[in-house]
Amino acid sequence: MMDFLDKLPLSAVIFLCLTLGLAPFAPPHLYEKLRMLFRGELVRAIDWFDLVMHASPWIVLVFKLLRGSRGAP
């Protein structure tokens, strides 16, 4: 799994964050889903799926940046 993360270009991950991670753009869907989560309104399965789908590029970006900052080969 880490090999895949190492081979994945940072520019592609950033592109995914800016497109899938923020779409639709007004207001960002991820922001709406996180707000629903913290309010306890995230109850339907489609909402959980939506949260995971829009948050996944950001999670990959965080892992990629953390792995790169440790000086991994």
Side-chain angles (χ1 to χ4, degrees):
M1 181 63 144
M2 290 301 161
D3 289 336
F4 173 74
L5 194 60
D6 291 338
K7 291 177 184 176
L8 194 60
L10 183 61
S11 58
V13 176
I14 291 172
F15 178 76
L16 286 173
C17 287
L18 295 176
T19 55
L20 178 63
L22 294 177
F25 300 107
H29 206 54
L30 181 58
Y31 171 75
E32 292 292 322
K33 294 300 175 182
L34 288 173
R35 192 169 67 172
M36 287 175 69
L37 176 67
F38 290 121
R39 289 183 178 174
E41 300 170 354
L42 205 63
V43 293
R44 296 183 312 166
I46 189 71
D47 292 329
W48 282 100
F49 173 76
D50 226 13
L51 174 64
V52 169
M53 184 180 69
H54 288 285
S56 60
W58 295 100
I59 294 168
V60 170
L61 179 65
V62 167
F63 279 119
K64 184 156 181 69
L65 292 175
L66 288 174
R67 183 145 169 91
S69 69
R70 291 188 314 179

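All of these numbers come straight from a predicted model, not from anything done at the bench. In what follows, residues are counted from 1 in the order of the sequence shown. In what follows, every heavy atom counts, from backbone to side chain, and hydrogens, waters and symmetry copies are set aside.
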With clusters defined by side-chain heavy atoms of hydrophobic residues (ILVMFWY) lying less than 4.5 Å apart, directly or transitively, does Phe4 cluster with Ile14?
yes
Contacts satisfying salt bridge (charged side-chain N to carboxylate O under 4.0 Å, His left out) that involve residues 7-21 (not counting sequence neighbours) are none
Smallest heavy-atom separation, Pro57 atom then Cys17 atom, equals O-SG, 3.3 Å
Check: Is there a path of hydrophobic side-chain contacts, each under 4.5 Å between heavy atoms of I, L, V, M, F, W or Y residues, that connects Ile59 with Leu51?
Finding: yes
On a heavy-atom basis, the closest approach of Lys64 and Asp6 is NZ-O, 3.6 Å
Sorted by chain and residue number, the salt bridge (charged side-chain N to carboxylate O under 4.0 Å, His left out) partners of Glu41 (sequence neighbours excluded) come out as none
Taken in chain and number order and not counting sequence neighbours, the residues that satisfy side chain to side chain contact (heavy atoms under 4.5 Å, CB included) with Tyr31 are Pro28, Arg35
Residue pairs passing the salt bridge (charged side-chain N to carboxylate O under 4.0 Å, His left out) test with at least one member in residues 15-30, sequence neighbours excluded, are none
The remaining residues in the hydrophobic cluster of Met53, counting side-chain heavy-atom contacts under 4.5 Å among Ile, Leu, Val, Met, Phe, Trp and Tyr, are Leu20, Ile46, Phe49
Closest heavy-atom pair, Ala23 versus His54, reported as atoms and distance to 0.1 Å, is O-CE1, 3.1 Å
Those residues at least two apart in sequence (or on a different chain) that pass salt bridge (charged side-chain N to carboxylate O under 4.0 Å, His left out) with Arg39 are none
Does one hydrophobic cluster hold both Phe38 and Met36, with members joined at side-chain heavy-atom distances below 4.5 Å? yes
In this structure, CG of Leu37 is separated from CD of Glu32 (nearest 0.5 Å) by 13.0 Å
Answer yes if Leu8 and Phe63 sit in the same cluster of Ile, Leu, Val, Met, Phe, Trp and Tyr residues linked by side chain heavy atoms under 4.5 Å apart, and no otherwise. yes
Distance col, row Leu61:CG vs Leu10:CG, nearest 0.5 angstrom, shows 6.5 Å
In this structure, CG of Leu16 is separated from OG1 of Thr19 (nearest 0.5 Å) by 5.0 Å
Interatomic distance, CG@Leu42 vs NZ@Lys33, rounded to 0.5 Å, equals 6.5 Å
For Trp58 and Leu30, the nearest pair of non-hydrogen atoms, with its separation, is CD1-CD2, 3.5 Å
